[in-house]
**Student:** 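Sharing a structure below in structure tokens format, with a few things to ask.
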Amino acid sequence: MGAEQSIEARAATGDRAAFTALMAATKADLYRFVRRYVGDESEAHDVLQESYASAWLALRRYDPARPFDVWLRSIALNKCRDWGRRRAVRRVVRGVMGLEAPEAAAVGDDAPSPETRLDDQRRAEALQRALRDLPDALKGPLLLATLEGRSHAEIASILGITPKAVETRVARARKTLTAALAQASGGNA
């Protein structure tokens, strides 16, 4: 028992300095994942903070034998899903408010740009919409695989499913995105 504890084990015992060090080590990667999932920079920062707050509160349940980033990613994925549910409620409220609301007036108020830039922007927006509209069961595996380059085995561990299920979900997500983007480009022509 004379061996020095890992930083993860120290954090699991409530060591704030160890947890802060783990946050610093994981923040950039976790932010990129959350940002891609929620699609909004400001919201991503909020979801990231919620993820770390939840991780701190749940530290007693963390198993230091398990990779910290996998455990943290599971928490962040749940926070992203919670954000998605809240966003759906906000959409309904905005629908009730109507297009005269100041928030609605600000949407799409960009200055004109060259045609190619506008086309690129439309494609990026279509991709972002298609990503947002993906079911959670497909979105998580796709982002973990493509954005983070994680293996199917790692994703399976994070999500608590089999590697084969990960493979299937990633393939379905790609197929769904391709169809949504084809439909979007057909609608803009």
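All residue numbers in this chain count up from 1 along the given sequence.
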**Student:** Hey, does the side chain of Ser54 reach the backbone of Ser51 with a donor-acceptor pair shorter than 3.5 angstrom?
**Tutor:** no

**Student:** Would Trp71 and Leu59 count as a side chain to side chain contact (heavy atoms under 4.5 Å, CB included) if you check the C-alpha gap in whole Å, the side-chain angles of each, and the deciding distance to 0.1 Å?
**Tutor:** CA-CA 10 Å; Trp71 179 74; Leu59 269 175; 4.2 Å; yes

**Student:** So, do Trp83 and Asp46 sit near enough that their side-chain heavy atoms are less than 4.5 Å apart?
**Tutor:** no

**Student:** Would you say the side chain of Asp133 lies within less than 4.5 Å of the side chain of Thr176, judging by non-hydrogen atoms?
**Tutor:** no

**Student:** Check whether any side-chain heavy atom of Leu72 sits under 4.5 Å from a side-chain heavy atom of Tyr52, and report yes or no.
**Tutor:** yes

**Student:** Quick one: are Thr146 and Arg174 in side-chain contact, heavy atoms under 4.5 Å?
**Tutor:** yes

**Student:** Would you give the length of the straight line joining atom SG of Cys80 to atom CD1 of Ile75, rounded to the nearest 0.5 angstrom?
**Tutor:** 12.0 Å

**Student:** For residues 161-170, dump all side-chain donor-acceptor pairs below 3.5 Å to protein atoms at least two apart in sequence or in another chain.
**Tutor:**
{"residue": "Thr162", "atom": "OG1", "partner": "Ala165", "partner atom": "N", "Å": "3.0"}
{"residue": "Thr168", "atom": "OG1", "partner": "Lys164", "partner atom": "O", "Å": "3.0"}

**Student:** List, one per line, each side-chain donor-acceptor pair under 3.5 Å for residues 29-36, sequence neighbours excluded.
**Tutor:**
{"residue": "Asp29", "atom": "OD1", "partner": "Arg32", "partner atom": "NH2", "Å": "2.1"}
{"residue": "Arg35", "atom": "NH1", "partner": "Gly39", "partner atom": "O", "Å": "3.2"}

**Student:** With a sphere of 6.0 Å drawn around CZ of Arg81, does it hold more than 12 non-hydrogen atoms of other residues, nucleotides or ligands?
**Tutor:** yes

**Student:** The criterion is side-chain hydrogen bond (donor to acceptor under 3.5 Å, both in side chains); which residues satisfy it with Asp82, sequence neighbours excluded?
**Tutor:** Arg85

**Student:** So how far is it from Lys79 NZ to Gln49 CD, rounded to the nearest 0.5 Å?
**Tutor:** 12.5 Å

**Student:** Can you tell me how far the CG atom of Leu143 sits from the CG atom of Leu131, to the nearest 0.5 Å?
**Tutor:** 6.0 Å

**Student:** Just verifying a value: how many Å separate Leu177 CG and Leu134 CG, rounded to the nearest 0.5 Å?
**Tutor:** 4.5 Å

**Student:** Rounded to the nearest 0.5 Å, how far does CD1 of Ile155 lie from CG of Leu142?
**Tutor:** 9.0 Å

**Student:** Determine the minimum heavy-atom distance between Gln128 and Val38, stating which atoms define it.
**Tutor:** NE2-C, 4.5 Å

**Student:** Tell me every residue that passes salt bridge (charged side-chain N to carboxylate O under 4.0 Å, His left out) with Glu50, counting only those two or more places apart in sequence or in another chain.
**Tutor:** Arg86

**Student:** Please report the closest heavy-atom contact between Asp15 and Trp56, naming both atoms and the distance.
**Tutor:** O-CZ3, 4.3 Å

**Student:** For Val70, is there any backbone N or O sitting under 3.5 Å from a side-chain donor or acceptor partner on Ser74?
**Tutor:** yes

**Student:** Would you please name every residue forming a side-chain hydrogen bond (donor to acceptor under 3.5 Å, both in side chains) with Tyr62, sequence neighbours left out?
**Tutor:** none

**Student:** Would you mind listing every salt bridge (Lys or Arg N to Asp or Glu O under 4.0 Å) that reaches into residues 60-70, with sequence neighbours excluded?
**Tutor:** Asp69-Arg150

